[in-house]
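Here's the structure we're looking at; comments come further down.
Residue numbering restarts at 1 for every chain, and letters A, B, ... go by the order of the sequence lines. Quantities reported herein were computed from a predicted structural model and do not represent experimental measurements.
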Number of protein chains: 2
Amino acid sequence: MTYSNDMPILDKHVRSTAGLATELRFSVMRLRRRLVRERHPDNDLSLTAMAVLWVLHGRGDQTVGALATREQVRPPTMTRTVTALGERGLVERHDHPDDGRQVVVRITDAGRAVVLADAARRDRWLSMRLEELPSDERDILRRAAPILQRLAESEQTL
Amino acid sequence: MTYSNDMPILDKHVRSTAGLATELRFSVMRLRRRLVRERHPDNDLSLTAMAVLWVLHGRGDQTVGALATREQVRPPTMTRTVTALGERGLVERHDHPDDGRQVVVRITDAGRAVVLADAARRDRWLSMRLEELPSDERDILRRAAPILQRLAESEQTL
DNA sequence: TATAAGTCATTACCTTGCGTAACTATTCCC
DNA sequence: GGGAATAGTTACGCAAGGTAATGACTTATA
């Protein structure tokens with residue numbers, strides 16, 4: 001790995017994996033706060049709820065448990081989110097075909113409309129910031145996003 | 001930009017900047033939840049409080065306002081965090097030399113000890129996950145971390 | 001140079017997102 | 001068929017953060 005000369009001195013400790021862990025956790029925490037703050041005013045759904053709609057839209061029906069795992073929340077939290085989405089008519093609950101304990105969550109047409117509206121305005125704030133980046137930095141993030149996702153979903157626990 | 005063949009189909013929409021924005025925001029949200037959950041049991045400080053100590057350690061004294069901006073929280077929140085750190089003797093408040101409104105926060109020896117202890121165990125969970133990654137993925141994250149940080153701090157607002 | 005306007009930090013109060021513990025309903029396994 | 005495991009839910013609590021209002025000080029203006 002080589003580093004360009006214009007890299008800030010203070011970022012050098014990122015060279016070690018441990019240093020990277022420290023920087024990454026804080027960067028993720030900070031960016032998340034910013035994202036919550038800059039979310040589009042037309043959209044009163046929480047980011048978690050939007051994430052659920054996106055998953056149902058993109059990957060099809062999911063059980064409550066699967067959604068909880070993906071979003072890294074506990075089952076009761078996902079129950080609440082799904083209930084809230086259901087009350088707005090954005091998702092429906094269905095019985096699982098061959099396991100009576102599970103609940104299958106399905107996005108409705110109204111839910112898809114919300115996803116498409118969101119796609120249209122597409123995280124206005126973040127999209128604009130990303131557009132301003134040089135394309136090589138955008139490429140780095142493009143490749144980083146799925147890695148972050150896999151880290152979040154890692155089976156390993158402390 | 002080229003994509004390897006083993007890339008999941010669903011990640012292809014990340015090709016567009018808008019798609020990247022969507023993926024990135026959710027990945028960041030999810031990884032942050034995971035990081036909060038997997039934080040080291042010996043460390044009862046919040047991740048925000050730890051971030052503040054790291055900044056004071058690495059970049060020297062900071063005003064309350066500067067810390068709030070860096071951590072992407074509102075001033076009252078940072079006041080609370082600093083107060084909590086102060087009660088544990090990890091930071092001290094000092095008068096600003098030439099602006100009586102501002103408060104300079106300085107890390108104490110005890111605070112530095114906490115940072116060093118944290119550095120020693122270094123986000124155990126995340127470090128371990130990062131060690132498991134192939135080194136090219138780790139390199140991507142190494143380069144992504146400062147970009148995420150800059151995004152969080154961007155002057156632009158929606 | 002007096003005062004108005006702006007800024008930094010704080011206090012008080014409130015919302016929200018999420019967790020744990022306990023319970024119900026179902027399924028799996030011997 | 002009965003005990004153990006699993007999926008989801010209900011009830012309750014807490015922590016992290018926000019907004020609005022206030023006080024202390026500084027800067028700009030008239």
Side-chain angles (χ1 to χ4, degrees), chain A residues 25-26 28-39 41 43-52 61-87 91-106 152 157, chain B residues 25-26 28-39 41 43-52 61-87 91-106 152 157:
Chain A
R25 70 171 159 170
F26 295 147
V28 164
M29 298 285 292
R30 289 165 186 146
L31 181 54
R32 175 252 173 196
R33 289 197 196 99
R34 185 66 184 263
L35 290 173
V36 168
R37 210 169 73 223
E38 301 283 358
R39 78 162 175 264
N43 195 343
D44 57 341
L45 287 172
S46 72
L47 281 175
T48 311
M50 278 310 305
V52 167
D61 302 354
Q62 305 279 330
T63 64
V64 170
L67 290 172
T69 302
R70 182 158 186 87
E71 295 310 317
Q72 294 297 311
V73 296
R74 298 299 182 187
T77 301
M78 189 48 66
T79 294
R80 246 192 322 255
T81 302
V82 168
T83 301
L85 287 169
E87 281 167 357
V91 303
E92 291 168 348
R93 282 166 208 274
H94 293 277
D95 292 343
H96 192 281
D98 41 52
D99 184 341
R101 296 167 301 179
Q102 301 191 55
V103 170
V104 174
V105 183
R106 179 170 303 153
T157 160
Chain B
R25 69 172 159 171
F26 295 147
V28 164
M29 299 284 294
R30 290 165 186 146
L31 181 54
R32 177 252 173 196
R33 289 197 195 97
R34 185 68 186 262
L35 290 173
V36 168
R37 212 169 71 224
E38 301 284 359
R39 76 159 174 265
N43 195 344
D44 57 342
L45 286 173
S46 73
L47 280 176
T48 310
M50 278 310 304
V52 168
D61 302 355
Q62 306 278 329
T63 65
V64 170
L67 290 171
T69 302
R70 182 158 187 88
E71 295 311 316
Q72 294 297 312
V73 297
R74 299 300 182 185
T77 302
M78 188 50 65
T79 294
R80 246 192 321 258
T81 302
V82 167
T83 302
L85 287 169
E87 280 167 359
V91 302
E92 290 167 348
R93 281 167 209 272
H94 294 277
D95 292 343
H96 192 283
D98 41 51
D99 184 341
R101 296 167 303 179
Q102 301 191 55
V103 171
V104 173
V105 183
R106 179 169 303 155
T157 159

A:P76 side chain: which of D:dG17, D:dG18, D:dT9 is closest? D:dT9
Taking for each residue the nucleotide of DNA chain C with the nearest heavy atom, is it B:V103 or A:P75 whose nucleotide lies nearer the 5' end? B:V103
Closest-nucleotide mapping onto DNA chain C: is A:D99 or A:R80 further toward the 5' terminus? I mean the 5' end. A:R80
Minimal non-hydrogen separation, [X] against [Y], with atom names:
{"X": "A:T63", "Y": "A:H96", "answer": "CG2-CD2, 4.2 Å"}
{"X": "A:V82", "Y": "A:V91", "answer": "O-CG2, 3.8 Å"}
{"X": "A:M29", "Y": "B:V36", "answer": "SD-CG2, 4.4 Å"}
{"X": "B:A51", "Y": "A:R30", "answer": "CB-NH2, 4.1 Å"}
{"X": "B:M78", "Y": "B:L67", "answer": "CE-O, 3.6 Å"}

Rounded interatomic separation in angstrom, taking [atom1] from [X] and [atom2] from [N]:
{"X": "A:Q102", "N": "C:dT24", "atom1": "CD", "atom2": "C1'", "answer": "16 Å"}
{"X": "A:L47", "N": "C:dC18", "atom1": "CG", "atom2": "C1'", "answer": "15 Å"}
{"X": "B:L35", "N": "C:dG19", "atom1": "CG", "atom2": "P", "answer": "13 Å"}
{"X": "A:R32", "N": "D:dG18", "atom1": "CZ", "atom2": "C1'", "answer": "12 Å"}
{"X": "A:R34", "N": "D:dA16", "atom1": "CZ", "atom2": "C1'", "answer": "19 Å"}
{"X": "B:R74", "N": "C:dA12", "atom1": "CZ", "atom2": "C1'", "answer": "18 Å"}
{"X": "A:Q62", "N": "D:dG8", "atom1": "CD", "atom2": "P", "answer": "11 Å"}
{"X": "B:D98", "N": "C:dT7", "atom1": "CG", "atom2": "P", "answer": "18 Å"}

Tell me whether the side-chain N/O atoms of [X] come closer than 4.0 Å to OP1 or OP2 in [N].
{"X": "A:S46", "N": "C:dG17", "result": "no"}
{"X": "B:T77", "N": "D:dG17", "result": "no"}
{"X": "A:T79", "N": "D:dT9", "result": "yes"}
{"X": "A:R37", "N": "D:dG18", "result": "no"}

For [X], which contact category applies under a 4.0 Å heavy-atom criterion: base, sugar-phosphate, or nothing?
{"X": "A:R93", "answer": "sugar-phosphate"}
{"X": "A:T63", "answer": "sugar-phosphate"}
{"X": "B:T48", "answer": "sugar-phosphate"}

Is the base of D:dT26 touched by the side chain of B:R101 through a donor-acceptor pair closer than 3.5 angstrom? no
